[in-house]
Amino acid sequence: MIAYIEDIAGSEGQLVTIRGWLHNRRSSGKIHFLTVRDGSGFMQCVMSKQAVGDELFTPADHLTQESAVIVHGTVRADSRAPGGYELDVTGLEIVSEAQNYPITPKEHGVDFLMDRRHLWIRAPRQQAILRIRHEVIDAVRDYFNSRRFILADAPIFTPAACEGTTTLFPVQYFEDNIAFLTQSGQLYNEANAMALGRVYCFGPTFRAEKSKTRRHLTEFWMVEPEVAYATIDDVMHLAEGLVVSVVARVLEKRQQELKILERDQSKLARVQGPFPRISYDDAVETLKKKGLVFEWGGDFGAPDETALSEEHDQPIFVHGFPSAIKAFYMKPHPGRPEVSLSVDLLAPEGYGEIIGGGQRVDDLELLVQRIKAHDLPQEAFEWYLDLRRFGSVPHGGFGMGIERVVTWICGIDHLREAIPYPRMIYRMYP
RNA sequence: UGGGGGGUCGCCAAGCUGGUAAGGCACCUGACUGUUACUCAGGUCACGCGCAGGUUCGAAUCCUGCCCCCCCAGCCA
């Protein structure tokens, strides 16, 4: 019976076949311990010379790391085995032998590993991160789908800047046109929300900023919900529910992976909501009290975000940023136009911003004025202005960066490990 | 783009007040029936130290220029 390692607990005493790769081998002359991985997990397979005979035992003497193998054996519970179960080998087929696998069980530098990312992802830690990434994405989809949001994806080729602030990647679009890779599905989302009510888009996003930090990728995945008739409070409520639900799901389903990563789970367990809601005004005061140099009107840098979030053990909302530092479509606070109905969610433990969003401008005149003030070409936004001409309503939403969430939940120190093949300013290979 | 750190064998890493390239891993041979990055014994392994010049009797080490990477900041999710 062909089995996957993750299902092995139910097969005790049975003869099973595992198809995978040799992760590591330890040998004591008359007994081999073969750690085999099959994509679903790792399992120690025990091969005793006495039990299998020379003709099966000897070829395994020199079996190399990452050689493809098919192992037949009997499942047995054993407290000495890493996974609680091991396999008493009765048969071994070598599918293909690996030669000089470069990633040995010893230490390696980042650059070396990144050049071999296609092989590095076979390592237990990297697998754990990618499994958690999968769980995060699955939980995100479930969250919105179960609330009857409609997935309506925004285009990746776009005709112009959505916000005009950040740098975009231009691509040749047939002979005569230049398209830009999307930096946000935001504007299309708003149109979709006016059609479908509650929507979200979920796809890759591209930013050509020359950022060289551990919090930036040039290609990353973002989920962006948008809701018609939503206020800034609704946006915060939705974001809070999403984050609580994603963290709970990973804690529930990815215990093993969190253990491999040695994540302090008690810190994640505290993420239950409600999240503190701090106004930008109060945040500025807090920073000043803590001795940081900060003037009202500026945007928070990474050290500021860390200083704010370390006051709390849950993610925190900071809302009411100055209108001047936010995108043109952010709605001004009624009666206090210098402040916008915008909100960021900062993850705890110094992980910084994972969500940014707010309520959008719903007034046609104001939006036209804003587009002019930002020196954006109005003709490119006519379709967007139509949303204010034909049944405009209050609405809002946010964007959540998947890799930033995964990085935080995994407790790792760099975004580049939170995606299978990271794209950074100096990294396109493999 | 600024500031800091770094490029020495397939990998990790010492040497860097100039004197002729440690050590570990991997690999090969052998021993070991409960290993957990197994252990132990032996063996192979850099005419060269990111690249190009220069100083010197002598350069991985000092000087000049260039290339690449990492970290921090800015920008943002």
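All of these numbers come straight from a predicted model, not from anything done at the bench. A, B, ... follow the sequence lines: proteins, then strands. Residue 1 opens every chain.
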Mind checking [X] for me? I need base, sugar-phosphate or nothing, with any heavy atom below 4.0 Å counting as a touch.
X      : value
A/Q44  : base
A/T205 : nothing
A/I402 : nothing
A/M400 : nothing
A/K210 : base
A/R427 : nothing
A/Q50  : base
A/T213 : base
A/N100 : nothing
A/R125 : nothing
A/G352 : nothing
A/H108 : sugar-phosphate
A/E86  : base
A/D344 : nothing

Which nucleotide, [options], lies nearest any side-chain atom of [X]?
X      : options                : value
A/R207 : B/rC76, B/rG34, B/rG74 : B/rC76
A/E353 : B/rA73, B/rA77, B/rC12 : B/rA77
A/H62  : B/rC12, B/rC70, B/rU29 : B/rU29
A/H414 : B/rC71, B/rC11, B/rC76 : B/rC71

Exercise. Could you tell me which non-hydrogen atom of A/V89 sits nearest to which non-hydrogen atom of A/C45, and how far apart they are?
Key: CG2-CB, 3.6 Å
Exercise. Determine the minimum heavy-atom distance between A/F328 and A/V361, stating which atoms define it.
Key: O-CG2, 3.9 Å
Nearest-angstrom distance from the residue atom [atom1] of [X] to [atom2] of [N]:
X      : N      : atom1 : atom2 : result
A/E305 : B/rA73 : CD    : P     : 10 Å
A/R423 : B/rA77 : CZ    : P     : 22 Å
A/D111 : B/rC11 : CG    : P     : 11 Å
A/F398 : B/rC76 : CZ    : C1'   : 17 Å
A/Y200 : B/rA77 : OH    : P     : 21 Å
A/H216 : B/rC72 : NE2   : P     : 10 Å
A/R25  : B/rU39 : CZ    : C1'   : 14 Å
A/F57  : B/rG34 : CZ    : P     : 12 Å

Sticking with atom [atom1], work out how far [N] lies from [M], rounded to a whole angstrom.
N      : M      : atom1 : result
B/rA13 : B/rG18 : C1'   : 22 Å
B/rU35 : B/rG30 : P     : 23 Å
B/rU56 : B/rC45 : P     : 37 Å
B/rU20 : B/rA26 : P     : 31 Å
B/rU29 : B/rU44 : P     : 15 Å
B/rC51 : B/rA60 : P     : 12 Å
B/rG53 : B/rA59 : P     : 14 Å
B/rC27 : B/rG19 : C1'   : 33 Å

Given [N], is OP1 or OP2 found less than 4.0 Å from the side-chain N or O atoms of [X]?
X      : N      : answer
A/R214 : B/rC72 : yes
A/H23  : B/rA37 : no
A/R416 : B/rC71 : yes

Self-check item: 5' priority, RNA chain B, between A/R215 and A/Y426 [closest heavy atom]
Solution: A/Y426
Quiz prompt | A/N100, CG: over 12 other non-hydrogen atoms inside 6.0 angstrom | solution = no
Quiz item: Does CZ belonging to A/R131 count more than 12 external heavy atoms closer than 6.0 Å?
Solution: yes
Both distances under 3.5 Å, Watson-Crick or G-U wobble: report the partner of [N], or none.
N      : result
B/rU33 : none
B/rU20 : none
B/rG53 : B/rC63
B/rG42 : B/rC28
B/rG2  : B/rC72
B/rA14 : none

Practice problem: Take A/W383 and A/Y188 through the test ring pair (Phe, Tyr, Trp, His ring centres under 6.0 Å) and record every step on the way to the result. | Solution: CA-CA 10 Å; A/W383 69 269; A/Y188 296 96; 4.8 Å; yes
Quiz item: So, does the side chain of A/T104 form a donor-acceptor pair with the base of B/rC25 at under 3.5 Å?
Solution: no
Exercise. Measure distances between side-chain N and O atoms of A/R404 and base N and O atoms of B/rC76, and say whether any donor-acceptor pair falls under 3.5 Å.
Key: yes
Self-check item: Derivation and outcome, side chain to side chain contact (heavy atoms under 4.5 Å, CB included), residues A/Y351 and A/T407
Solution: CA-CA 8 Å; A/Y351 280 95; A/T407 302; 3.8 Å; yes
Quiz item: Given the side-chain rings of A/F180 and A/F206, with only the six-membered ring counted for Trp, is the space between their centroids under 6.0 Å?
Solution: no
Self-check item: Worked check of salt bridge (charged side-chain N to carboxylate O under 4.0 Å, His left out) between A/E257 and A/R263
Solution: CA-CA 9 Å; A/E257 285 78 8; A/R263 181 64 165 114; over 6 Å; no
Quiz prompt | Plane angle bin for A/Y384 and A/F381 - parallel if under 30°, tilted between 30 and 60°, otherwise perpendicular | solution = perpendicular
Exercise. Would you please classify the geometry between the A/H118 ring and the A/Y429 ring as parallel, tilted or perpendicular, with 30° and 60° separating the classes?
Key: perpendicular
Quiz item: For A/F33 and B/rG34, are the ring centres under 5.5 Å apart with planes inclined under 30°?
Solution: no
